[in-house]
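Right, one structure below, let's go through it.
The first residue of the sequence shown is numbered 1, and numbering continues consecutively from there.
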Amino acid sequence: MRVSRETRRMNVRADLRKQLRENGMDTHLWLDLIEDYMKFWDLKEELQKSIRTKGAMVTVENGKQRFYKRNDAVVELPKVSKRMTDILDKLKIQVAEIKDEGEGDDDV
């Protein structure tokens, strides 16, 4: 069952706030920084959606001309992700590593 975007957003925000409380950093300044992070989270979701729906290249029509150009979301997504990581670093938030179910210590 797929979790809605809004549910994922609420879960991310709640997790961030919980870690701030645990770190004794739940002041207005730090809570405001979480809201900045969530704005970047929303933007990241939109950029990913653009790439998913339009692809890496988009068709542009300018009068009678029609050509392809790079989807700007491809360039902007890494920048947004970097800013999100910077905020997490500033908040001293630890992101748990998620291990793929297919990963293991196989001797191949």
Side-chain angles (χ1 to χ4, degrees):
M1 180 175 182
R2 187 169 178 163
V3 178
S4 75
R5 177 179 169 176
E6 190 56 35
T7 299
R8 288 186 301 114
R9 187 184 195 287
M10 288 186 326
N11 290 340
V12 167
R13 188 172 180 270
D15 287 347
L16 292 173
R17 291 178 67 103
K18 178 183 175 201
Q19 284 198 43
L20 277 189
R21 278 191 306 279
E22 290 172 355
N23 293 341
M25 297 173 65
D26 55 344
T27 63
H28 294 292
L29 172 70
W30 301 116
L31 293 171
D32 187 56
L33 199 50
I34 285 178
E35 297 310 315
D36 290 346
Y37 179 90
M38 295 312 301
K39 289 173 188 167
F40 279 115
W41 188 91
D42 292 333
L43 182 56
K44 173 192 64 97
E45 292 292 311
E46 289 299 317
L47 293 170
Q48 288 175 334
K49 180 180 177 184
S50 174
I51 295 168
R52 241 185 349 268
T53 58
K54 298 176 185 175
M57 301 295 288
V58 294
T59 304
V60 177
E61 293 187 31
N62 185 3
K64 293 184 179 183
Q65 293 180 327
R66 184 176 179 178
F67 56 95
Y68 292 98
K69 74 172 204 129
R70 178 184 59 228
N71 184 342
D72 290 337
V74 173
V75 173
E76 294 304 316
L77 184 59
K79 294 176 187 178
V80 169
S81 294
K82 171 71 171 116
R83 292 296 299 137
M84 291 172 74
T85 301
D86 292 346
I87 291 173
L88 292 178
D89 288 344
K90 191 62 125 177
L91 293 171
K92 298 179 176 122
I93 299 290
Q94 299 298 315
V95 180
E97 270 189 51
I98 300 172
K99 188 174 183 179
D100 289 342
E101 289 182 22
E103 284 186 20
D105 295 328
D106 296 340
D107 294 320
V108 179

Next on the checklist: Run the side chain to side chain contact (heavy atoms under 4.5 Å, CB included) test on Leu16 and Val12 for me, step by step, so that the C-alpha distance in whole Å, both residues' side-chain angles and the decisive distance to 0.1 Å come before the verdict.
Outcome noted: CA-CA 6 Å; Leu16 292 173; Val12 167; 4.1 Å; yes
Next on the checklist: Just to verify, what does Thr27 make a side chain to side chain donor-acceptor pair (under 3.5 Å) with, not counting sequence neighbours?
Outcome noted: none
Checklist entry - Is Met1 isolated, or which residues cluster with it under the ILVMFWY side-chain rule of less than 4.5 Å, directly or via members? => result none
Apply side chain to side chain contact (heavy atoms under 4.5 Å, CB included) to [X] and list each qualifying residue two or more places apart in sequence or on a separate chain.
| X | answer |
| --- | --- |
| Arg8 | Val3, Arg5, Trp41, Glu45 |
| Glu61 | Arg66 |
| Glu76 | Leu47, Lys79 |

Item to check | Distance-minimising heavy-atom pair for Ser4 and Thr7 | outcome: OG-OG1, 2.9 Å
Checklist entry - Looking at residues at least two apart in the chain, or sitting in another chain, which of them share a salt bridge (charged side-chain N to carboxylate O under 4.0 Å, His left out) with Lys69? => result Asp72
Next on the checklist: When you compare the side chain of His28 with that of Asp32, does any pair of heavy atoms fall below 4.5 Å?
Outcome noted: no
Checklist entry - Hey, any chance Met25 and Leu29 share a hydrophobic cluster, counting ILVMFWY side chains that come within less than 4.5 Å of each other, even indirectly? => result yes
Show the atom names and distances, to 0.1 Å, of all donor-acceptor pairs under 3.5 Å that link a side chain in residues 86-93 to residues at least two apart or in another chain.
residue : atom : partner : partner atom : Å
Asp86   : OD1  : Lys82   : NZ           : 2.7
Asp86   : OD2  : Arg83   : NH1          : 3.3

Only distances under 3.5 Å count here; give the side-chain donor-acceptor pairs of residues 52-59 to other protein atoms, sequence neighbours excluded, each with its distance to 0.1 Å.
residue : atom : partner : partner atom : Å
Thr53   : OG1  : Lys49   : O            : 2.9
Thr53   : OG1  : Ser50   : O            : 3.4

Item to check | Where at least one partner belongs to residues 12-26, residue pairs that pass side chain to side chain donor-acceptor pair (under 3.5 Å), sequence neighbours excluded | outcome: Arg13-Glu35
Checklist entry - At what distance, to the nearest 0.5 angstrom, does OG1 of Thr85 lie from OH of Tyr37? => result 7.0 Å
Checklist entry - Could you give the distance from CD1 (Ile34) to NZ (Lys39), rounded to the nearest 0.5 Å? => result 13.0 Å
